[in-house]
Amino acid sequence: MSEKESSLNFIEEIISNDLESKKYESIITRFPPEPNGYLHLGHASSICLNFGLTKTFPGSTNLRFDDTNPTTEETEYVESIKKDIQWLGFEWKNEFYASDYFDTLYDYAVKLIHNNYAYVCDLTSDEIANQKGNHTTPGVNSPYRNRSIEENLSLFEAMKNGKFEDGTKTLRAKIDMSHPNLLMRDPIIYRIKHAHHHRTGNKWCIYPMYDFAHGQSDSIENITHSICTMEFIPHRELYDWLIEKLEIYPSKQYEFARRNINYTVTSKRKLLQLVNEKFVEGWDDPRMPTISGMRRRGYTPWSIREFCKRIGIGKRENMVDVGLLEFCVREDLNKISKRVMAVLEPIKLTIENYPEGQEEFLTTENNPENPEEGTRNIPFSKTLWIEREDFAEFPEKKWFRLALGAMVRLKSAYIIECTDFKKDNDGNVIEVIAKYFPDSKSGSDTSGLKAKGVIHWVSAAHAKTAQINLYDRLFRVEDPSQEEGDFKDFINPNSLTVIQNAYIEPELAHAKIGDYFQFLRKGYFVLDKNSSIDTPIFNLTVGLKDNWK
RNA sequence: UGGUCGAUGGUGUAAUGGUAACACAACGGUUUUUGGUGCCGUUUUUCUAGGUUCGAGUCCUAGUCGACCAACCA
């Protein structure tokens, strides 16, 4: 409720005014994806906006698939879109399809023809383009523009009945070929496509264009506020014109700026290329900015909603820092993730004064941010794995970790002091030797010793192995589509680093998909769907902030 | 080189003619058995030029810069 104090974005402002002035008693919005790709971060903004609006204000939101182009649309996409919206935490009032309205839309077209607002045109695609004119010169009328209403009616019906080949005829709105808005120069509203549609099958061989489907679908559903991105601004004039001539419910279109996020691309066309050309594993590759990719990467629904909330809604060009997204997911994961220990790049640590063959179980907290999550016991023994980078042969100043003669605490265990280390013939450190202080045990420390650093570890005899996928940004430049040449030339070659033999504490053998973990001092990780019983695979969601390096 | 929409710290968003603010980032301090988290603090803002007004980020005019618009895509 304190949310109400925060200021409204410009769309909420409009709605708030519409409600106050009693223009509407409640509102209806819609999220209108085309099922020709997976949902991405850009869609998340639109989803949060459209569904969020009807949480803030009285009303409801429909899910409507804009499926008017049978050649690019598939049910696989429909299913993924529904799953992603639900996973994000939203519920639609009705599930609709533009294709549900094909009969109505056909009748609308007939009505337009009846009233002399549309005609069948025999011009080819090229000819129409040539006669359209451009920004500075007006277009010229099609020679078919003055066909009689009767002829148009029978021709349009013949189009519907499959009497013509693809591309040989179109239905065009009769507006004004010298209109300053190019979209108003007799736009095509129906085209012939002998193609199988994912829902209507082979019933139709003519399909309405976007401009003759979207606004009409809005109207049919009594959408009060039809929200889209700014590239549709020029369409609004046509949107209003068609609704007026058709004399149907006057839905209104409002536009906001699409969000751009640095070091990635959010364009279905480009994402499809990455998938088809195998630059990534698929639509749900954890490097993809798709909802499914982010889910697999370990992002939480809350973090994505929070991100959308924080970047807000605007009308200007923008480039949002991906760092904010990472902040949002850390904020959530810090609260909910279970702390565990895993050693990614191991080096052996031998505790010389710990009895050979002895083991003990030490208590450690599951989540210091939430004591209610309790504790668990972890095995400890003479030989441990620790992180290679936690030992320095030549420590820099302010080095808190292990080095010859230095003391550190093994997390939830004992304080140790490094007494020696071994190298192989190539000069690589292969083992660290330390002594431990038995009275420094975590929770009952009477040693009086102080260790500046704390490091994580796993007991060698008890550890399991795992594969770790370390992810980095997909592109090496902030705005790949702004660069000269192919955006794919700017893919980060190190966007994925695979570690085959990491050591994880035994607890992690029970990890399930959907569990969120913090690998202590490293980052947040989730189990990947390609894991097997023998080799669990963990994906890095995002690293912990690191003030050291 | 026509039309449309925009321009507030490094980034995103507020301020609805009346003290330019919030968040992220950056930097410093503090706490800490995660160099994490938390807490405290610091740096950095109204595109330009005119005008209206007691008062302009906000209104007006002109300019500059940016985005979008000539698919039988959505």
For a quick check of understanding: with a heavy-atom distance under 4.0 Å over all strands, which category does Lys522(A) fall into, base, sugar-phosphate or nothing?
nothing

Give a yes/no on whether any side-chain N or O of Thr68(A) is located under 4.0 angstrom from OP1 or OP2 of A74(B).
yes

Find which nucleotide of RNA chain B each of Arg401(A) and Ile313(A) is nearest to by heavy atoms, and output the residue with the more 5' nucleotide.
Ile313(A)

Given Tyr207(A) and Phe102(A), is the ring-ring contact (aromatic ring centres under 6.0 Å, His included) satisfied, shown in steps?
CA-CA 8 Å; Tyr207(A) 293 93; Phe102(A) 281 171; 5.7 Å; yes

Parallel, tilted or perpendicular: rings of Phe156(A) and Tyr106(A) (30°, 60°)
parallel

Considering every strand shown, what is the Watson-Crick or G-U wobble mate of U58(B) when both distances are under 3.5 Å?
none

Under 4.0 Å, heavy atoms only, any strand: does Pro368(A) hit a base, just the sugar-phosphate, or nothing?
base

Looking at Asn36(A), does any N or O in its side chain come under 4.0 Å of the phosphate oxygens OP1/OP2 on C73(B)?
no

Output the single nucleotide from U33(B), G36(B), G12(B) whose closest atom is nearest the side chain of Arg339(A).
G36(B)

Does G9(B) have a Watson-Crick or wobble mate here (both distances under 3.5 Å), and if so which one?
none

Just checking Glu34(A): base, sugar-phosphate only, or nothing, at a heavy-atom cut-off of under 4.0 Å?
sugar-phosphate

Categorize His214(A) for me: base, sugar-phosphate, or nothing, with a 4.0 angstrom heavy-atom threshold over every strand shown.
nothing

Distance-only polar pair, side chains of Glu127(A) and Asn130(A), donor-acceptor under 3.5 Å:
no

Using whole Å, report how far CD of Glu231(A) lies from P of A67(B).
14 Å

For a quick check of understanding: with a heavy-atom distance under 4.0 Å over all strands, which category does Asn334(A) fall into, base, sugar-phosphate or nothing?
base

Which part of the nucleic acid, if any, lies within reach of Leu123(A) when heavy atoms closer than 4.0 Å are counted: base, sugar-phosphate only, or nothing?
base

Choosing from U34(B), A74(B), A70(B), which nucleotide comes nearest the side chain of Met209(A)?
A74(B)

Given U33(B), U16(B), C73(B), identify the nucleotide with an atom nearest to the side chain of Glu13(A).
U16(B)

Checking all strands, does Tyr190(A) fall into the base, sugar-phosphate, or nothing category for heavy-atom contacts under 4.0 angstrom?
nothing

Describe the nucleic acid contact of Leu410(A) in one word from base, sugar-phosphate, nothing, applying a heavy-atom distance below 4.0 Å.
nothing

Would you say Ser125(A) reaches C72(B)'s phosphate, i.e. side-chain N/O to OP1/OP2 under 4.0 Å?
yes

Hey, does Asn134(A) reach any base, or is it just sugar-phosphate, or nothing, if we go heavy atoms under 4.0 Å?
base

Under 3.5 Å between N/O atoms: give me all the protein pairs with nucleotides 2-6 of chain B, atom names plus distance.
unit_1: G2(B); atom_1: N1; unit_2: His135(A); atom_2: ND1; d: 3.4
unit_1: G2(B); atom_1: N2; unit_2: His135(A); atom_2: ND1; d: 2.9

OP1 or OP2 of U32(B) under 4.0 Å from side-chain N/O of Arg521(A):
no

Output a table of donor-acceptor pairs, distance under 3.5 Å, between side-chain atoms of residues 541-548 of chain A and any protein atom two or more places apart or on a different chain; print 'none' if there are none.
unit_1: Thr541(A); atom_1: OG1; unit_2: Arg297(A); atom_2: O; d: 2.7
unit_1: Asp546(A); atom_1: OD1; unit_2: Trp548(A); atom_2: N; d: 2.9

A cation-pi test, strictly: NZ or CZ of Lys193(A) under 6.0 Å from the centre of the six-membered ring of Trp204(A) and no more than 45 degrees from its axis. Yes or no?
no

Can you see whether Asn152(A) engages Tyr144(A) through a side-chain donor-acceptor pair at a distance of less than 3.5 angstrom?
no

Would Lys315(A) count as a cation-pi partner of Phe256(A), with NZ or CZ less than 6.0 Å from the six-membered ring centre and within 45° of the ring normal?
no

Close N or O pairs between protein and nucleotides 20-26 of chain B (under 3.5 Å):
unit_1: A23(B); atom_1: O2'; unit_2: Arg310(A); atom_2: NH1; d: 2.4

Return the nearest nucleotide to the side chain of Gln518(A); candidates are U34(B), G12(B), G35(B).
U34(B)

Does the aromatic ring of Tyr210(A) sit over the six-membered base ring of A74(B), closer than 5.5 Å centre to centre and tilted less than 30°?
no

Could you tell me whether Gly443(A) contacts a base, only the sugar-phosphate backbone, or nothing, with contacts defined as non-hydrogen atoms closer than 4.0 Å?
base

By nearest-nucleotide position on RNA chain B, the 5'-leaning member of Lys169(A) and Glu331(A) is Glu331(A)

